[in-house]
Structure formats: structure tokens, C-alpha cells
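Before any comments, here is the structure.
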Amino acid sequence: MGTSLQLSEVQQQQLRQAIQDGLPLTPQPYQTLATALGVSESAVMQTLTQWMDDGLIKRFGLVVKHHALGYRSNAMVVWDVPDHQVDQIGQILSQADAVTLCYQRPRRLPEWRYNLFTMIHGKSRSMVMEQLAELIVQHELDGISRDVLFSYRLFKQCGGHYSGRSQPVNHVTRCHSQQTVRSSCTARSSRNEQSQVAYG
């Protein structure tokens, strides 16, 4: 195993390929990556930290299989927020326990007037609607137009892919499924990545 903290261009490319399907599901995922690439764990962590500092990686997130956990009523609540308030309300909603995803997208007028999207999961539709009602009261959002879009199908939710398909690095799960509406599978489209602002 190499000990240098500086990865070569080839090793960086291999690391990008290795992480684009998610971190290995092992007790020490960075060590697993390092072993597969023949470098040190510190070199992997330093490179990933640098990529995050440079903005090449936005964040590492956890994809929860809501459907498997019994949360089968999942709704994308879309809001028509006045543009001058969208950042403020986006920040507020992103901190709410009921909201698992919150981001802003440009309106697509005249067909689509909504500019803020929030995901709420529940074990029943009534549970989702109760959580939404609490959010509206708590944050005084009753004056903001909205719509509730419950999902009907499962779509794969994957991280962004920036290079060719990777070689397996002891991945137990390469892509996660989640019950969601098509529009929330944002990571699969670089165009969508550029046209949205995520909160939280």
C-alpha cells in the first residue's frame, strides 16, 4: 500500500469512479477504498476533503429506504413562494423535522409556478397531511399557495456520476431505491443540479 498523501491523476480518477455509487458499506469505508486503490486511508480522506473544499463534492448524504421502513406515503409539497422570501422560507423548512429534502428550482411559467420543493414522508397520507398542517401553522405559511404530490412509483435514487462506471469496491448496495416523485431524483441530471438551490 502506498503511503503518499498525494494521489496521482490516475488514482484520483479511480477514486472518483469508486465513490460515485456511494461509499462502501464496510466498518471502515475510507480504508476499504484505500485498500482497493493501493493508497493510504489518509490520502483518500485528504483527497475527498480537498474535493469538498473545492466544491467538487457538495456533500456526503445518507439515502434511507423509506418504503422498506414502512414510510409508504411520501409527498413532494411544492410551494409558490414570493421570490424575495424563498431563501428565508427554504432555510426554515429545511430545519423542520418533517422535511427530508428542501430545494429551490426556477419556475417554469406559465405551466409551473412553484419554486420551492419539500419532501415529507409518512406511514399514511393522513400522517403526511398532519405534518404539513403543523408546518403551515408553526411557520405561518397559510398564505402561500402550494400543492401536495403523493408518489405512486418507486424510482432509483443515485448520486451524481462524473466518469465511467466504477469497478466494485466491496459495495453491498450500489444504488438505493426510494419512493419518490420523478422530479426529486435530482442527482441524475447535471442540468437539474445547476438549476436548483438545496437548503439544509
Requested in this report: State, to 0.1 Å, how close R107 and V81 come at their nearest heavy-atom pair, and which atoms those are.
Outcome: NH2-O, 2.6 Å

Report task. Give the cluster check for L23 versus M45: same hydrophobic cluster or not, with ILVMFWY residues linked at side-chain heavy-atom distances below 4.5 Å. Result -> yes

Query - Gap separating the CH2 atom of W51 from the CD atom of Q12, nearest 0.5 angstrom - result: 5.5 Å

Requested in this report: State yes or no: do I89 and I136 share one hydrophobic cluster built from I, L, V, M, F, W and Y residues joined by side-chain heavy-atom distances below 4.5 Å, directly or via other members?
Outcome: yes

Report task. Give the minimum heavy-atom separation between L141 and L135, together with the two atoms involved. Result -> CD1-O, 4.1 Å

Query raised in the report: For the atom pair CD (Q46) and CG (D53), what is the distance rounded to the nearest 0.5 Å?
Result: 10.5 Å

Query raised in the report: Say you draw a straight line from CD of Q11 to OG1 of T47; how long is it, rounded to the nearest 0.5 Å?
Result: 8.5 Å

Report task. Verify whether one side chain among S145 and W79 offers a donor that lies under 3.5 Å from an acceptor in the other. Result -> no

Query - D80 CG to L116 CG distance, which is reported to the nearest 0.5 Å - result: 10.0 Å

Query raised in the report: Which atom pair, heavy atoms only, marks the closest approach of H121 to V128?
Result: C-CG2, 3.9 Å

Requested in this report: Drop me the distance from L93's CG to Q88's CD, to the nearest 0.5 angstrom.
Outcome: 10.0 Å

Query raised in the report: Strictly by modelled atom types, are S124 and S73 linked by a side-chain donor-acceptor pair under 3.5 Å?
Result: no

Query raised in the report: Please walk me through it: do V148 and M129 pass side-chain contact (heavy atoms from CB on, under 4.5 Å)?
Result: CA-CA 9 Å; V148 182; M129 295 308 291; 4.1 Å; yes

Query raised in the report: Does any donor atom in the side chain of D54 or Q50 lie under 3.5 Å from an acceptor atom in the other side chain?
Result: yes

**Report entry** Inter-residue atom distance T100.OG1 - I120.CD1, 0.5 Å rounding
**Finding:** 8.0 Å

Requested in this report: Step by step, work out the side-chain contact (heavy atoms from CB on, under 4.5 Å) result for N115 and D83.
Outcome: CA-CA 8 Å; N115 60 344; D83 290 336; 3.3 Å; yes

Query raised in the report: In the single-linkage hydrophobic clustering (I, L, V, M, F, W, Y; side-chain heavy atoms under 4.5 Å), do M127 and L69 co-cluster?
Result: yes

Query raised in the report: So, for Q131 and A98, which heavy atoms are closest and what is the spacing to 0.1 Å?
Result: OE1-CB, 3.3 Å

Requested in this report: Tell me, please, whether F117 has R105 positioned over its six-membered ring: NZ or CZ under 6.0 Å from the ring centre and within 45 degrees of its axis?
Outcome: yes

**Report entry** hydrophobic_cluster_shared for V39 and Y30, side chain cutoff 4.5 Å
**Finding:** yes

Query raised in the report: Quick one: does R153's side chain have a donor or acceptor within less than 3.5 Å of a partner on S151's backbone?
Result: no

Query raised in the report: Is it the case that one hydrophobic cluster holds both F150 and L132, taking links as side-chain heavy atoms less than 4.5 Å apart, direct or via other members?
Result: yes

Requested in this report: Indicate whether any N or O donor in one side chain lies under 3.5 Å from an N or O acceptor in the other, for S126 and E130.
Outcome: no

**Report entry** Crowding at CG, D97 (>12 non-hydrogen neighbours, <6.0 Å)
**Finding:** no

Requested in this report: Mind listing the closest non-hydrogen atom pair of M119 and M76 along with its distance?
Outcome: SD-CE, 3.8 Å

Report task. Apply side-chain contact (heavy atoms from CB on, under 4.5 Å) to the pair L48 and L15, showing each step before the final yes or no. Result -> CA-CA 9 Å; L48 294 175; L15 181 57; 4.1 Å; yes

Query - Shortest non-hydrogen contact between G122 and N74, atoms and distance - result: N-OD1, 4.0 Å

Report task. Taking the side chain as every heavy atom from C-beta outward, state whether E41 and L33 have any pair of such atoms under 4.5 Å apart. Result -> no

Requested in this report: Spell out, as yes or no, whether a donor-acceptor pair under 3.5 Å connects the side chain of T32 to the backbone of T26.
Outcome: no

